[in-house]
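A quick write-up on the structure given underneath.
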Amino acid sequence: MRKPIIAGNWKMNKTPSEARELVSALVPLVKDAACDVVVCTPAVDFAAVSEVIKGTNIKLGAENMHWKESGAYTGELSAAMLKESGVEYVILGHSERRQYFGETDVTVNKRVKAALAAGLKVILCVGEMLADRENGVTDELVALQTKIALKDVSAGELKNVIIAYEPVWAIGTGKTATAEQANEVCAVIRSTIKALYGAEAAEGITIQYGGSMNAKNAAELLAQPDVDGGLIGGASLKAPDFAVIVDAATKG
Ligand code: PGA
């Protein structure tokens, strides 16, 4: 059985004092969750969030990292920096990184390998643009993104990979994929994993949906057989809304 996971992606929101306030409100609301609960926060919030979630069931995640161990990469963070800051999960290949910061499938793959080698759990994001969907290439595109991102990742390492299917047209737009669309593409990702790693790995891998998931639509999305969790942007910034989604995963 796959354990569902609900992860918040705070993006460029919340100063350390605001972060402290948000996770403090979240701790009692999700303490009985049957799913894994993660908050992926800006790096400046790691210390404040770590302090508040100590001894709770909430885990800390980062929103990106560089693949090199150290060096002249102004503004970047290494896996070791994340680990020492209490980070357990890292989002890689988010569509905003791909769209605005020039990330490619190849650089996403480098990040995935470096994160796994350092013992981090990876939330790998894949998803099509609206034009891709309209051109009927969603399945091929998502399979390709998945395949390149996982190049040279072993079956053992794959156990620390979660894949988030995030249709770009649904992110921050209020346009959610229908439960059927979400399930369909999550199933495509699962069959891509099956082709690469075999049936057992495909059954075992956790696949999230992300893109305008909220307190109202979460239960329907999470009830789909191939949707094992959610990556939540906007709705993760409000503790009560995020808690409702966690609760929906617990029941789903
Ligand atoms: P959203 O973002 O929930 O605000 O659409 C999801 C994401 O980008 O991970």
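Read the numbers this way: they start at 1 and go in the same order the structure lists the ligands and their atoms. Note: hydrogens, waters and symmetry copies are ignored here, and every other heavy atom, side chains too, is used.
In terms of protein heavy-atom proximity, atom 2 (O) of ligand 1 is nearest to Lys11 NZ, 3.2 Å. In terms of protein heavy-atom proximity, atom 3 (O) of ligand 1 is closest to Gly233 N, 2.9 Å.
Of all the heavy atoms of Ile171, the ones lying under 4.0 Å from any atom of ligand 1 are found in both the backbone and the side chain. Contacts with ligand 1 closer than 4.0 Å are made by backbone heavy atoms (N, CA, C, O) of Ala170 only, the side chain lying farther away.
In summary, the side chains of Tyr165 and Glu128 do present a donor paired with an acceptor at a separation below 3.5 Å, with no hydrogens or angles considered. Counting only N and O atoms by type, the side chains of Trp10 and Glu63 include no donor and acceptor under 3.5 Å apart.
Partner of Ile162 under the side chain to side chain contact (heavy atoms under 4.5 Å, CB included) criterion, chosen from Thr206, Val38, Asp228: Thr206.
Residue Gly210 places no heavy atom under 4.0 Å from ligand 1.
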Practice item. For Asp226 and Arg190, run salt bridge (Lys or Arg N to Asp or Glu O under 4.0 Å): C-alpha distance rounded to whole Å, both residues' side-chain angles, the deciding distance at 0.1 Å, then the answer. Key: CA-CA 8 Å; Asp226 278 302; Arg190 204 175 297 287; 2.5 Å; yes

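Using a 4.0 Å cut-off between charged side-chain N and carboxylate O, Glu76 and Lys68 make no salt bridge. Salt bridge present: Arg2 and Glu203 bring a charged side-chain N and a carboxylate O closer than 4.0 Å. Note on Lys3 versus Asp36: salt bridge recorded, some NZ/NE/NH1/NH2 to OD/OE distance being below 4.0 Å.
Set against the non-hydrogen atoms of His94, the atoms of ligand 1 under 4.0 Å away are 7 (C), 8 (O), 9 (O). When each atom of ligand 1 is checked for a heavy atom of Gly211 under 4.0 Å away, the hits are 5 (O). In summary, the atoms of ligand 1 found under 4.0 Å from a heavy atom of Glu166, numbered by their order in the structure, are 6 (C), 7 (C), 8 (O), 9 (O). Taking every heavy atom of Ser212 and a limit of under 4.0 angstrom, the matching atoms of ligand 1 come to 1 (P), 3 (O), 5 (O). Contact atoms of ligand 1 toward Gly172: 1 (P), 4 (O), 5 (O) (distance under 4.0 Å to a heavy atom of the residue). Per-residue contacts place Gly234 under 4.0 angstrom from the following atoms of ligand 1 (heavy atoms of the residue considered): 1 (P), 3 (O), 4 (O).
Looking only at side-chain heavy atoms (C-beta outward), Lys147 and Asp105 stay at 4.5 Å or farther from each other. Counting heavy atoms from C-beta on, the side chains of Gln224 and Tyr209 never come closer than 4.5 Å.
Checked by distance only, ligand 1 and Thr173 stay at 3.5 Å or farther apart across all their nitrogen or oxygen atoms. Close N/O approach between Ile232 and ligand 1 is not found [any backbone or side-chain N/O within under 3.5 Å].
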